[in-house]
Amino acid sequence: MTYSGQVTVGGPADVHELKDLMITKIAVGPMDNNAYLLRCRATDEQLLIDAANDAHTLLGTIGDDGIASVVTTHQHGDHWQALAEVVAVTRARTYAGRADAEGIPVPTDVPVDDGDVIRVGRVELTARHLVGHTPGSIALVYDDPHGHPHAFTGDCLFPGGPGRTTRPEEFNSLMGGLETKLFDVLPDETWIYPGHGNDTTIGTERPHLAEWRARGW
């Protein structure tokens, strides 16, 4: 079936099947958070992005194979409500942006800096540190050798604009990071998987950068 990226809380997951990687998207919790389960096709190792809520649903999606790692994109509470239970069951390594680790009430095994590589089996994800929504937010970029890149952006980039910021300097920092670390280096075909809501692409959002700058949010 064709992947749409449209999921609802209580509904089925949607699976994006790439040659080397399977990406399962599921919505959980009262804030409609997206969680993403990545599975390396060569090794069957799995990694979870954002144990946001509803550990029962997430563990059911993970299945008996478990996960080797769980990455928390940022420190906001709606993105780690199920983290303690998921880690207790799976014994997964925890990753988070270095500047956000203290704000997550589950110890971070591996603090992440810009440019760090996180592996799931033979697949490599490159972390991009984006300051503004939180001090330590990270996006993860998978540069698919068989196609276009895929980016998991947490709450830093959504269809229609950047994530929420509270001060102009935070907005300017987030926009600068998005422009230099994502829009300036990734092609239009790059698929964007956000922390809430539907997916988008770099090409869909690129024409609106000046508009976002002008409105200030």
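The figures that follow rest on heavy atoms only: side chains count, while hydrogens, waters and symmetry mates do not.
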Asks: Looking at every heavy atom in both G103 and P105, which two are closest together, and how far apart are they?
Replies: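 Of all heavy-atom pairs spanning G103 and P105, the closest is O-CD, 3.9 Å.
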Asks: What heavy-atom pair brings P194 and T153 nearest, and what distance separates the two atoms?
Replies: CA-OG1, 3.6 Å
Asks: State whether R39 and D44 are salt-bridged, where the test is any N-O pair (Lys NZ or Arg NE/NH1/NH2 against Asp/Glu carboxylate O) under 4.0 Å.
Replies: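 Between D44 and R39 there is a salt bridge, with a charged N closer than 4.0 Å to a carboxylate O.
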Asks: Just how far is it from atom OG of S69 to atom CD1 of I49, taken to the nearest 0.5 Å?
Replies: 10.5 Å
Asks: Using a strict threshold of under 4.0 Å (side-chain N to carboxylate O), is an ion pair present between E17 and R41?
Replies: yes
Asks: Assess whether atom CE of M31 is packed by more than 12 heavy atoms of other residues, nucleotides or ligands within 6.0 Å.
Replies: no
Asks: Determine whether the side chains of H208 and E205 contain a donor N or O and an acceptor N or O closer than 3.5 Å.
Replies: no
Asks: Is the side chain of T108 donor-acceptor paired with the backbone N or O of V110 at a distance under 3.5 Å, no angle test?
Replies: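 No, because the side chain of T108 does not come within donor-acceptor range (under 3.5 Å) of the backbone of V110.
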Asks: What verdict does the side-chain contact (heavy atoms from CB on, under 4.5 Å) test give for L125 and R119, after you've listed the backbone C-alpha separation in whole Å, the side-chain angles of each residue and the deciding distance to 0.1 Å?
Replies: CA-CA 6 Å; L125 309 168; R119 292 176 175 83; over 6 Å; no
Asks: Taking C-beta and beyond as the side chain, do R164 and H76 meet within less than 4.5 Å on heavy atoms?
Replies: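 The answer is yes; the side chains approach within 4.5 Å.
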Asks: Taking atom CD of E85 and atom CG of D54, what is their separation to the nearest 0.5 Å?
Replies: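 The distance works out to 9.0 Å.
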Asks: Please give the remaining members of the hydrophobic cluster of I67, linking ILVMFWY side chains under 4.5 Å, ordered by chain and number.
Replies: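 Besides I67, the hydrophobic cluster comprises I26, V28, L37, L48, L58, L59, I62, V70, W80, L83, V86, V87, V89, I104, V106, listed by chain and residue number.
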Asks: If I compare all heavy atoms of V9 with all of G29, which pair ends up nearest, and what's the gap?
Replies: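 In terms of heavy atoms, the two residues are closest at CG2-O, 3.5 Å.
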Asks: Give a yes or no on whether the backbone of K19 and the side-chain of H146 come within a donor-acceptor separation of less than 3.5 Å.
Replies: no
Asks: Ignoring hydrogens and geometry, is there a side-chain-to-backbone donor-acceptor pair from S173 to V131 under 3.5 Å?
Replies: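 Confirmed, S173 side chain pairs with V131 backbone.
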Asks: Apply side-chain contact (heavy atoms from CB on, under 4.5 Å) to H129 and D113, showing your working.
Replies: CA-CA 6 Å; H129 181 202; D113 296 309; over 6 Å; no
Asks: Taking a hydrophobic cluster as the set of Ile, Leu, Val, Met, Phe, Trp and Tyr residues connected by side-chain heavy atoms closer than 4.5 Å, whether directly or through intermediates, do L47 and Y36 fall within one such cluster?
Replies: yes
Asks: Do V141 and R128 come within less than 4.5 Å of each other through their side chains, counting heavy atoms only?
Replies: yes
Asks: Would a distance-only check, ignoring hydrogens and angles, find a side-chain to backbone donor-acceptor pair under 3.5 Å from T204 to T200?
Replies: no
Asks: To the nearest 0.5 Å, what is the distance between NE2 on H74 and CG on L130?
Replies: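 These two atoms lie 11.5 Å from each other.
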Asks: Does the distance from a Lys or Arg side-chain N to an Asp or Glu carboxylate O, for D20 and R122, drop under 4.0 Å?
Replies: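 Salt bridge: no.
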Asks: Less than 4.5 Å apart, any side-chain heavy atom of H196 and any of D155?
Replies: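 Counting from C-beta outward, H196 and D155 do come under 4.5 Å.
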Asks: I want to check something: taking the side chain as every heavy atom from C-beta on, are R98 and V112 in contact at a cut-off of under 4.5 Å?
Replies: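 With C-beta onward as the side chain, the pair stays apart.
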Asks: Taking the side chain as C-beta and beyond, is there a heavy-atom pair between T201 and T190 under 4.5 Å?
Replies: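 Of all side-chain heavy-atom pairs linking T190 with T201, none is under 4.5 Å.
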Asks: Ignoring hydrogens and angles, tell me if any N or O in the side chain of S137 forms a donor-acceptor pair with the backbone of H133 under 3.5 Å.
Replies: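 Not at all, since once roles are kept as given, no pair shorter than 3.5 Å links the two residues.
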Asks: Could you state the interatomic distance from CG (L186) to CG (D143), rounded to the nearest 0.5 Å?
Replies: 8.0 Å
Asks: Would you call M175 and E170 a side-chain contact if the rule is heavy atoms closer than 4.5 Å?
Replies: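 SC-SC contact between M175 and E170 ruled out.
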Asks: A side-chain contact here means heavy atoms from C-beta on lying under 4.5 Å apart; do F152 and T73 qualify?
Replies: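 They are not in side-chain contact.
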Asks: Check the surroundings of atom CD in E169: do more than 12 heavy atoms from other residues, nucleotides or ligands lie under 6.0 Å from it?
Replies: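 Check passes, neighbour count above 12.
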Asks: Could you point out which residue of D199, D14, D50 forms a salt bridge (Lys or Arg N to Asp or Glu O under 4.0 Å) with K25?
Replies: D199
Asks: Please evaluate residues N53 and Q81 with respect to the criterion side chain to side chain donor-acceptor pair (under 3.5 Å), reporting the C-alpha separation (whole Å), side-chain torsions for both, the decisive distance (0.1 Å), and the verdict.
Replies: CA-CA 5 Å; N53 208 299; Q81 292 296 310; 5.2 Å; no
Asks: Would you list the pairs meeting ring pair (Phe, Tyr, Trp, His ring centres under 6.0 Å) in which at least one residue belongs to residues 44-63, sequence neighbours left out?
Replies: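 Passing the test, one end in residues 44-63: no pairs.
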Asks: How far does CG of N198 sit from OH of Y193, to the nearest 0.5 angstrom?
Replies: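 One finds 13.0 Å between CG of N198 and OH of Y193.
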Asks: How long is the gap from OH on Y142 to CG on L38, to the nearest 0.5 Å?
Replies: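 So the gap between those two atoms works out to 9.5 Å.
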Asks: Going by the angle between their ring planes, with limits at 30° and 60°, are Y3 and H16 parallel, tilted or perpendicular?
Replies: parallel
Asks: Is the backbone N or O of P107 less than 3.5 Å from a side-chain atom of T94, with the two atoms forming a donor-acceptor pair by type?
Replies: yes
Asks: Considering all heavy atoms of both residues, which atom of R215 and which atom of P162 are nearest to each other, and what is their separation?
Replies: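 Shortest heavy-atom contact: NH2-CD, 4.2 Å.
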Asks: I202 and P187: which non-hydrogen atoms are nearest, and at how many Å?
Replies: CB-O, 3.5 Å
Asks: How far apart are the closest heavy atoms of D116 and P111, and which atoms are they?
Replies: OD2-O, 4.0 Å
Asks: Would a distance-only check, ignoring hydrogens and angles, find a side-chain to backbone donor-acceptor pair under 3.5 Å from N33 to D78?
Replies: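 Yes; judged by distance alone, with no hydrogens or angles, the pair exists.
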Asks: Would you call L174 and T165 a side-chain contact if the rule is heavy atoms closer than 4.5 Å?
Replies: yes
Asks: Out of curiosity, does L21 fall in the hydrophobic cluster containing L140 (side-chain heavy atoms, cut-off under 4.5 Å, transitive links)?
Replies: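 Yes, one cluster joins them.
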